[in-house]
Amino acid sequence: MGKVNVLVVGGAGYIGSHMVKELIEAGFDVTTLDNLSTGHRQSVTGGTFVHGDLSDQKLLDKIFSDKPVDAVMHFAAYSLVGDSVKNPIAYYRYNFNGTLSLVEAMLRNGIRRFIFSSTAAVYGEPETVPIPETHPCAPDNPYGAGKLAVERLISDCDSAYGLKYMSLRYFNAAGADASGQIGERHERETHLIPLVLQTALGRRPQIDIFGTDYGTPDGTCLRDYVHVTDLASAHLLALSSLMEGSESNIYNLGNSKGYSVREVIDLCREITGEPIPEREVERRAGDPAILVADSGKVRRELGWQPRYENLENIVESAWRWHQHQP
Ligand code: UDP
């Protein structure tokens, strides 16, 4: 058998580019499709690059007929909770319609293995913490609702057409590849850890804390931060499982430990040695108080073992990356 050929949609983005690097290192044949709306061409460190959009059916047909694709990994999405509350149409169009278009083209071309970037935002405010995959889904924002709609879509496509998928519900992706070659690079940054580190570098006057009156020990939101390289390794396991003929499944990807916004800022102060001024502001719309994974299922069933389980390692890798960004 030749090399396994994977199409990575959104492979120029933050998580996608780490995935492409891991796939290439693991010996896969990789094609990246990205429209570069938020990704960067330089972040794609190998394989074949195709510049284009996942809604372009002709282009997808061409990619799928150029060489046989064994599986598709789909990272391309708008991913900002706060933005999705303000622009739901854009979010549903890109995240739901875009995936519908991709899946339609896959099925038309006989491709039935799909790995989907889902999110902890499908759960909404949790009733129990840590959150297992069986927890009810009641998303608080259009971003989570759109991702949940895709999960339903691919489940229906499994029943109707035999699409086999793995839906991976990421908690908070953070950190950067150990090589220092790629990291989190958003033109308009909104994520906590990069913003705190940019403040440490003096590129921002202060970090805003969105809400200090949540029902959490210090009043700020709790999140479960997971290293981007660990996310990529979980995808490799999910891919092997699909290649071996497993049934479709849904897995949480997190470290099962929550850190508050204040704890993250304090740890960044320790690691960078910088004072990092802060300012308390209003809550951000769409933010649940607590999102912490029960990730026992993926550990048991796929043997996932994160390498960067503690937040210190995650922040250190991000700090190495941010210090070298212009
Ligand atoms: N957050 C914050 N200030 C910021 C950015 C984020 O207080 O400038 C908080 C946000 O309200 C959430 C947590 O940090 O509770 C993580 O937010 P992020 O945007 O990094 O990820 P999300 O949880 O939205 O996926």
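The basis for the numbers below is simple: all heavy atoms, side chains too, and nothing from hydrogens, waters or symmetry mates. Counting starts at 1 for both ligands and their atoms, following the listed order. In this chain, residues are counted from 1 in sequence order.
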Exercise. Is it true that Glu247 and Arg113 make a salt bridge, defined as a side-chain N closer than 4.0 Å to a carboxylate O?
Worked result: no
Exercise. Is it true that the side chains of Ser295 and Ser256 contain a donor and an acceptor less than 3.5 Å apart?
Worked result: yes
Exercise. In terms of side-chain heavy atoms, does Thr229 have a donor or acceptor partner in Glu22 at a distance below 3.5 Å?
Worked result: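 No pair is found: no donor N or O on one side chain lies under 3.5 Å from an acceptor on the other.
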Just need the protein heavy atom nearest to [atom], so name the residue and atom and give the distance.
atom                    : answer
atom 3 (N) of ligand 1  : Asp208 O, 2.7 Å
atom 9 (C) of ligand 1  : Val261 CG2, 3.8 Å
atom 8 (O) of ligand 1  : Leu195 CD1, 3.3 Å
atom 19 (O) of ligand 1 : Arg284 NH2, 3.0 Å
atom 20 (O) of ligand 1 : Leu192 N, 2.8 Å
atom 11 (O) of ligand 1 : Asp287 OD2, 2.6 Å

Taking only heavy atoms of [X], which atoms of ligand 1 are found under 4.0 Å from at least one of them?
X      : value
Cys221 : 15 (O)
Ile207 : 8 (O)
Ile209 : 7 (O)

For this session: Verify whether the ring centers belonging to His235 and Phe116 lie closer than 6.0 Å.
Result: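 So the answer is no for these two rings.
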Exercise. For the ring pair Tyr78 and Tyr91, is the centre-to-centre distance below 6.0 Å?
Worked result: yes
N/O of [X] under 3.5 Å from N/O of ligand 1, yes or no?
X      : answer
Ile193 : no
Asn172 : yes
Tyr225 : no
Phe210 : yes

Problem set entry | Proximal candidate to atom 5 (C) of ligand 1 [heavy atom criterion; set Thr190, Asn141, Thr119] | Thr190
Exercise. In terms of hydrophobic clustering (I, L, V, M, F, W, Y; side-chain heavy atoms under 4.5 Å; direct or indirect links), are Met106 and Met243 co-clustered?
Worked result: no
Problem set entry | Heavy-atom side-chain proximity of Tyr259 to Arg223 below 4.5 angstrom |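 A side-chain contact under 4.5 Å is absent here.
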Problem set entry | More than 12 heavy atoms from other groups under 6.0 Å of NZ on Lys67 |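 Above 12, so yes.
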For this session: May I have the step-by-step check of side chain to side chain donor-acceptor pair (under 3.5 Å) for Lys297 and Asn249, ending in yes or no?
Result: CA-CA 10 Å; Lys297 185 179 170 193; Asn249 224 323; 2.7 Å; yes
